[in-house]
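Below, chains carry the letters A, B, ... as their sequence lines are ordered, and counting in each starts from 1. Note that the structure is predicted; figures quoted are calculated from it, not measured.
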2 protein chains.
Amino acid sequence: MMAGVALEHAILVSLLEQPGSGYELARRFDRSIGRFWTATHQQIYRVLKRMEADGWVTAEEIDQDGRPDKRSYSVATPGRSVLTTWLREPVQPESVRHELAVKIRGAAFDDAAGRAALIAEVERYRADHETTLHRYQTGEQRDFPDPGALDTGQRLRHVVLRGGIAYEQMVLAWLDDVLDTLHGLGR
Amino acid sequence: MMAGVALEHAILVSLLEQPGSGYELARRFDRSIGRFWTATHQQIYRVLKRMEADGWVTAEEIDQDGRPDKRSYSVATPGRSVLTTWLREPVQPESVRHELAVKIRGAAFDDAAGRAALIAEVERYRADHETTLHRYQTGEQRDFPDPGALDTGQRLRHVVLRGGIAYEQMVLAWLDDVLDTLHGLGR
DNA sequence: CTGCGCATGTAAACCGTTACATGATTGG
DNA sequence: CCAATCATGTAACGGTTTACATGCGCAG
């Protein structure tokens, strides 16, 4: 039990870094946190309610003029305990799902037209990852301009971002290898 | 719809590469295919039944002496159509879940003892990935000893394996960066 | 006056994990 | 004789995804 239950922990970390509403969390999951954890707003609202009921977070109603009211959540003491307990548990092996790898192996059972379509798709996919890499690199220059003068939280966020950059660079190099291989099949 | 429905496609590719029983598929998902798609035997049996009911695969009862009978599945024509249709659809962006990255950012909210526990955990995790890399490299030498003389299917399986190797190498380099960063916090 | 961003939800369908269950054969 | 491997399943639970729903304010 408590195996797949990890969105809670990602939310706790995000709220400790900065309190915020469900909507704000959903936007963070689309951006920064979404680099290593994805979640939709429906999931987030549901989990926030449960976490509030369990006393892990507290909500503060905030009236906004010109905008709908919102509920800003902060981590309460029990939530912090839950997080530190979880931090000391073993990391579960990642369960991988690489759709593109399945399609590449599947290309052995498709014809030349199918392989041409796959090449086009790999090129589009590659362009997406190039955009992501540039976004990460821009963010790195903006958020960590002076790597020598960072506090603990910044250093940890920076090393996670470097992981994202290394991942995207690896993916781009591999996709070039894939494209070479797919082109080489025609010859 | 038909978005998360992809275990079917991984099974179709695996059965086209080699027909086999549910049990055999489960073992492949623990090994070769499991590099980019994970599935348990329960999932596989459930999906195979549905695929057989839908006419995507056909089953052949095989009596074995000294072993339980088994049902060997092969891909039928409709299954092959389903696969080629899917192959030409856009690749969905991967939904990422990196528990370790969440824990690293969470370490900013834990004490020195918690960070020491995280370092130990990262080292254990690193050892696992090193084992995986060596397994991939051994498999590469066994299955692709002469990269100049490969057929289409082998070349495609090889480029997917090279992706796995590149991923593991990237992870190991990043984990070294993580360990340096975590050790640097104490100073 | 239309579309976008802010803000929060419900409902249904589906997927994935864990636990439990059965039974045969082979090797140590 | 005990453990491991082969072989196939059921049931329950929980997590994820998709579709649907509401309503305000602002900018073009």
(message) Without decimals, in angstroms, what is the distance between Q92(A) CD and dG16(C) P?
(response) 17 Å

(message) Output the rounded distance in Å from CD (Q42(B)) to P (dG16(C)).
(response) 13 Å

(request) Mind calculating the distance between CD (Q43(A)) and P (dA11(C)) to the nearest angstrom? (result) 18 Å

(message) If you assign S21(B) and R97(B) each to the DNA chain D nucleotide with the nearest heavy atom, which residue ends up on the more 5' nucleotide?
(response) S21(B)

(request) Flag the pair E123(B) and R126(B) as a salt bridge only when some basic side-chain nitrogen lies within less than 4.0 angstrom of an acidic carboxylate oxygen. (result) no

(request) Select base, sugar-phosphate, or nothing to describe what R46(B) touches, counting heavy atoms under 4.0 Å on all strands. (result) base

(request) Round to a whole Å and report the spacing from CD1 of I44(A) to C1' of dT16(D). (result) 12 Å

(request) Compare the minimum distances between each of dG16(C), dG9(C), dT17(C) and the side chain of H41(A), then state the nucleotide with the smallest one. (result) dG9(C)

(message) Can you work out whether T40(A) or Y73(B) has the more 5'-proximal nearest nucleotide on DNA chain D?
(response) Y73(B)

(request) Measure up the W56(B) and H9(B) rings against each other and bin them: parallel (under 30°), tilted (30 to 60°), perpendicular (over 60°). (result) parallel

(message) Can you tell me if K70(B) touches the phosphate of dA24(C), counting only side-chain N or O atoms and a distance under 4.0 Å to OP1 or OP2?
(response) no

(request) Tell me whether the OP1 or OP2 atom of dC6(D) has a side-chain N or O from Y23(B) closer than 4.0 Å. (result) yes

(message) Using 30° and 60° as the class boundaries, would you call the ring planes of Y167(B) and H98(A) parallel, tilted or perpendicular?
(response) perpendicular

(message) Between C1' on dA7(C) and CG on L25(A), what's the gap in Å once rounded to a whole number?
(response) 13 Å

(request) Starting from C1' on dA7(C), measure out to NZ on K49(A) and report it in whole angstrom. (result) 13 Å

(request) Answer yes or no: is there an ion pair linking D128(B) with R135(B), defined by an N-O contact shorter than 4.0 Å? (result) no

(message) In whole Å, I'd like the distance from the CH2 atom of W37(B) to the P atom of dT17(C).
(response) 11 Å

(request) Could you please name the option among dT17(D), dC6(C), dG16(C) that lies closest to any side-chain atom of R27(A)? (result) dC6(C)

(message) Between C1' on dG16(C) and CG on L48(B), what's the gap in Å once rounded to a whole number?
(response) 16 Å

(message) Starting the side chain at C-beta, find the nucleotide from dT8(C), dG9(D), dC6(D) nearest to Y45(B).
(response) dG9(D)

(message) So, applying salt bridge (Lys or Arg N to Asp or Glu O under 4.0 Å) with E8(A), which one of K49(A), R50(A), R46(A) is it?
(response) R50(A)

